[in-house]
Each structure stands twice: as C-alpha cells, then as structure tokens.
Amino acid sequence: WIDAPALPYFAMAKGCHAFHYAMISSAYAASQMISSPILGMLSERIGRRPILLGGLATTSVVYLLMANVTTVFQLLLARATLGFLSGAAAVEVAFVADLTSKTDRVDWVNMQTRLQS
C-alpha cells in the first residue's frame, strides 16, 4: 500500500473517472484474494523463499512500470498484478512460523502481522 495515498491523484492525471478508480482499487483486492491460496500451495511445493524473493523482485519491476503507465487499462493491469503479488502475505506468515520455535511463534507471527498492516 505504498502508493495508496497518491493513487487517486495519479489516476486522475491519467484520465481516470470515479468508476475507473473503483475498478483499479477493486482489482488489487480481488487479485490478492485469488492469489493467496495459489501462492500458498505453490510455496508448499517449491519452497517459501523462492516465492518471497520472486514476489519482491517482480513487485519492484511492476512499480517501475506503473510509474510509466500512459493509459487507464495499464494502470488497472499494474494494480491487479500488485494485488496478485501481495497474496504472498500468507506465505510470509508461514515463513515466520517455520523459522520460530513453538514457544515464540505466537509473538513473532503477531509482530509480523502488525508490520504488514
């Protein structure tokens, strides 16, 4: 949500109307909802670290591309992609749970969840 405060202004500069902005915001949430179980299952197969590192690298590239969008559709596509990649939040929680002992797990997962929000 790095770009959340500036997104309405950025969208208006690209010619978005209220309906377009609602679609852009909804695309993020819908993509995240769809990707969380997919990325979770994938992390069980290939490991959590590749999912997290790949998501971080891809997110960086998408933010760079998003800075150069010229149309509303490109902005929508960029936000949907960012939403899909943010589905890795569940993988982050599982990664923290894997690294901690049973006695400290609740505290670490709680801290990690607070840092995400």
Side-chain angles (χ1 to χ4, degrees):
W1 290 93
I2 293 172
D3 58 351
L7 187 61
Y9 303 106
F10 186 70
M12 283 190 303
K14 301 300 176 191
C16 283
H17 299 290
F19 177 74
H20 296 130
Y21 180 69
M23 292 298 292
I24 289 167
S25 297
S26 299
Y28 184 91
S31 297
Q32 185 179 24
M33 181 181 69
I34 292 167
S35 71
S36 285
I38 294 170
L39 292 176
M41 286 187 289
L42 192 60
S43 76
E44 291 290 327
R45 284 205 178 119
I46 65 171
R48 304 196 200 295
R49 190 170 301 213
I51 297 294
L52 294 174
L53 292 176
L56 182 62
T58 311
T59 298
S60 302
V61 171
V62 173
Y63 270 119
L64 288 173
L65 293 174
M66 192 170 130
N68 297 311
V69 299
T70 56
T71 66
V72 174
F73 180 72
Q74 289 173 342
L75 185 58
L76 175 71
L77 191 61
R79 287 293 292 174
T81 305
L82 287 172
F84 187 86
L85 295 169
S86 71
V91 178
E92 292 172 23
V93 173
F95 189 68
V96 169
D98 289 346
L99 294 177
T100 56
S101 66
K102 285 187 177 186
T103 56
D104 295 334
R105 187 170 297 155
V106 173
D107 295 330
W108 281 101
V109 170
N110 185 21
M111 182 187 312
Q112 193 268 339
T113 305
R114 282 185 282 152
L115 291 172
Q116 276 183 346
S117 58

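Numbering starts at 1 and runs along the sequence shown.
- By the 6.0 Å contact criterion, CZ on R49 is open, its count of non-hydrogen atoms from other residues, nucleotides or ligands being 12 or less.
- The heavy-atom pair separating S35 from G83 by the smallest distance is OG-O, 3.8 Å.
- Atoms CG and OG1, on L82 and T59 in that order, are 6.0 Å from each other to the nearest 0.5 Å.
- Evaluation of the salt bridge (charged side-chain N to carboxylate O under 4.0 Å, His left out) rule for D107 yields no partner, not counting sequence neighbours.
- A single hydrophobic cluster is not seen to contain both L42 and L85; linkage of ILVMFWY side chains at heavy-atom distances under 4.5 Å, directly or through other members, places them apart.
- By the 4.5 Å heavy-atom criterion applied to side chains, C16 and I24 are counted as neighbours.
- Proximity of S86 to Y28: side-chain heavy atoms (C-beta onward) are separated by under 4.5 Å at one or more points.
- Residue L56 holds its CG atom at 13.0 Å from CD1 of I51, rounded to the nearest 0.5 Å.
- Residues S36 and Q32 bring no donor and acceptor atom of their side chains to less than 3.5 Å of each other.
- Between the side chain of S26 and the main chain of M23, no donor-acceptor pair closer than 3.5 Å is present.
- Residues L52 and V93 do not share a hydrophobic cluster, clusters being chains of Ile/Leu/Val/Met/Phe/Trp/Tyr side chains in contact below 4.5 Å.
- With hydrophobic clusters built from ILVMFWY side chains whose heavy atoms lie under 4.5 angstrom apart, Y63 does not share a cluster with V61.
- Taking CZ from F84 and CZ from R79, the interatomic distance works out to 15.5 Å, rounded to the nearest 0.5 Å.
- Of the possible polar contacts, none joining the T58 side chain to the G55 backbone as a donor-acceptor pair under 3.5 Å is found.
- In this structure, the separation between CZ on R48 and CG on L39 is 12.0 Å, given to the nearest 0.5 Å.
- Interatomic distance, M111 CE to W108 CH2, rounded to the nearest 0.5 Å: 5.0 Å.
- To the nearest 0.5 angstrom, I46 atom CD1 is 12.5 Å from M41 atom CE.
- Nearest heavy atoms, K14 versus V72: O-CG2, 3.8 Å.
- Y21 and A11 make their closest contact through CD1-CB, 4.1 Å (heavy atoms, listed as atom of the first residue, atom of the second, distance).
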